[in-house]
Number of protein chains: 2
Amino acid sequence: MAGKKYRIGEFAKLVGLSTYTLRYYEDQGLIVSQRDENSVRYYTENDIRWVGFILHLKGTGLRLNDLKRYVRLRAEGDRTIPERRAMLQKTKDDAEADIAELQMHLKVLSRKIDWYDGKVDHTIDDSESFHDYLQQFNDTKGE
Amino acid sequence: MAGKKYRIGEFAKLVGLSTYTLRYYEDQGLIVSQRDENSVRYYTENDIRWVGFILHLKGTGLRLNDLKRYVRLRAEGDRTIPERRAMLQKTKDDAEADIAELQMHLKVLSRKIDWYDGKVDHTIDDSESFHDYLQQFNDTKGE
DNA sequence: TAACACCTTTGAGTGCACTTTAAGTCAAGG
DNA sequence: CCTTGACTTAAAGTGCACTCAAAGGTGTTA
């Protein structure tokens with residue numbers, strides 16, 4: 001029940017961040033650590049979950065500044081839930097837009113790879129430019 | 001047939017880059033421009049396609065240094081096609097891995113949004129933590 | 001004639017997110 | 001006793017990709 005306590009070095013390995021970064025995040029107000037009688041930081045299971053969660057948010061493209069705002073809102077209690085929800089929704093929408101764009105770029109890249117393959121096995125004429133080759137897929141616009 | 005010529009300002013708007021960035025890319029060897037009799041840069045339709053293509057590569061996460069390498073290889077002719085193909089393939093694989101990771105983060109984010117909604121309409125108990133709420137989805141691991 | 005868009009080189013500034021260093025202290029473990 | 005790992009503050013450095021400024025030049029358009 002008491003829960004294991006982790007010092008910064010161990011905790012860093014656990015969450016996949018450097019001790020530098022953990023202290024930096026604490027400076028920035030993203031993490032709060034507890035201290036023992038010698039003012040040595042320690043972290044608990046709860047902190048693992050919290051860091052895990054902020055890494056999910058970071059992973060979807062949320063910047064540190066927005067993350068700070070999120071943390072500030074959280075500290076203000078349940079009445080800021082609508083605002084926090086809206087932040088997450090926007091982050092989600094943005095990330096989904098990013099994925100869509102990435103996939104669009106990937107499509108061209110894939111076709112370039114196909115074109116190289118065609119050049120190598122001579123199913124595509126040596127003189128055919130990639131641009132001309134790409135034209136045949138221009139139903140893409142209507143997708 | 002001759003093809004329109006664009007000066008840097010017009011070209012910049014066309015491809016969505018600043019004139020600064022275009023000159024910077026030229027310094028870096030990513031773009032080659034032609035010059036008129038007054039050494040004023042001009043660009044053609046072909047350049048639009050080339051910039052378009054490198055922006056696709058950038059859009060999939062290729063860094064300028066790698067892009068430079070790609071351009072150097074291209075200048076060496078068809079015998080570097082296998083290496084270029086391999087570069088693109090790796091870029092593609094990396095981008096797909098990024099997408100997968102992003103989607104994983106998005107899943108957690110979506111669940112947090114659902115959890116907020118549950119709190120607001122009281123279908124989730126006030127005392128239930130997000131961590132506990134998340135547990136019920138832990139078939140996710142086996143996906 | 002003046003404004004405007006371009007040209008040059010060189011170097012500095014920006015923003016983000018760390019990352020490291022310096023210089024000193026402290027306490028537990030082998 | 002010495003190493004290891006933690007602590008502090010403040011500041012500098014890193015990497016990337018621009019972005020802008022300074023200072024002086026040329027050619028076209030109103």
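In what follows, chains carry the letters A, B, and so on, assigned in the order in which the sequence lines appear, proteins first and then strands, with residues in each chain numbered from 1.
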Atom CG of B:D98 and atom CG of A:D98: how far apart are they, to the nearest 0.5 Å?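 Those atoms lie 11.5 Å apart.
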Is [X] close enough to [N] that one of its side-chain N or O atoms is under 4.0 Å from OP1 or OP2 there?
X	N	answer
A:Y25	C:dA17	no
A:K58	C:dC16	no
A:R63	C:dC16	no

Whether B:R111 engages the ring of B:Y133 as a cation-pi pair (distance to the six-membered ring centre under 6.0 angstrom, angle to the ring normal within 45°) should be assessed.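 Checked: cation-pi criterion not met.
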Divergence of helical axes at both termini of the helix from C:dT1-D:dA30 to C:dG30-D:dC1 - five pairs an end, 10° steps: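 Taking five pairs per end, the axes differ by 10°.
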Do [X] and [Y] have side-chain N/O donor and acceptor atoms under 3.5 Å apart?
X	Y	result
B:D121	B:T123	yes
A:D94	A:T91	no
A:Y6	A:E45	yes

Using a cut-off of 6.0 Å, state whether more than 12 heavy atoms not belonging to A:K13 lie near its atom NZ.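 It does not: A:K13 NZ has 12 such atoms or fewer within range.
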Should we count NZ of B:K90 as having more than 12 external heavy atoms under 6.0 Å?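 Not buried by this count: 12 neighbours or fewer within 6.0 Å.
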Whole-Å distance separating the [atom1] atom of [X] from the [atom2] atom of [N]:
X	N	atom1	atom2	result
B:K68	D:dA17	NZ	P	9 Å
A:I8	C:dA28	CD1	P	19 Å
B:Y20	C:dC6	OH	C1'	12 Å
A:D27	D:dA11	CG	C1'	13 Å
A:E26	D:dA6	CD	P	14 Å
A:Y24	D:dA11	OH	P	16 Å
B:R7	D:dT26	CZ	P	16 Å
B:L17	D:dA17	CG	C1'	12 Å

Would you check if the distance from the ring center of A:Y116 to the ring center of A:F130 is below 6.0 Å?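 Ring centroids of A:Y116 and A:F130 are no less than 6.0 Å from each other.
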Please tell me if the side chains of B:M87 and B:L73 come closer than 4.5 Å, counting only heavy atoms from C-beta onward.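 Yes, their side chains come closer than 4.5 Å.
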At a heavy-atom distance below 4.0 Å, what parts of residues 28-42 of chain A sit against DNA chain D?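 Those residues whose heavy atoms fall under 4.0 Å from DNA chain D, taken from residues 28-42 of chain A in numerical order, are A:R35, A:S39, A:V40, A:R41.
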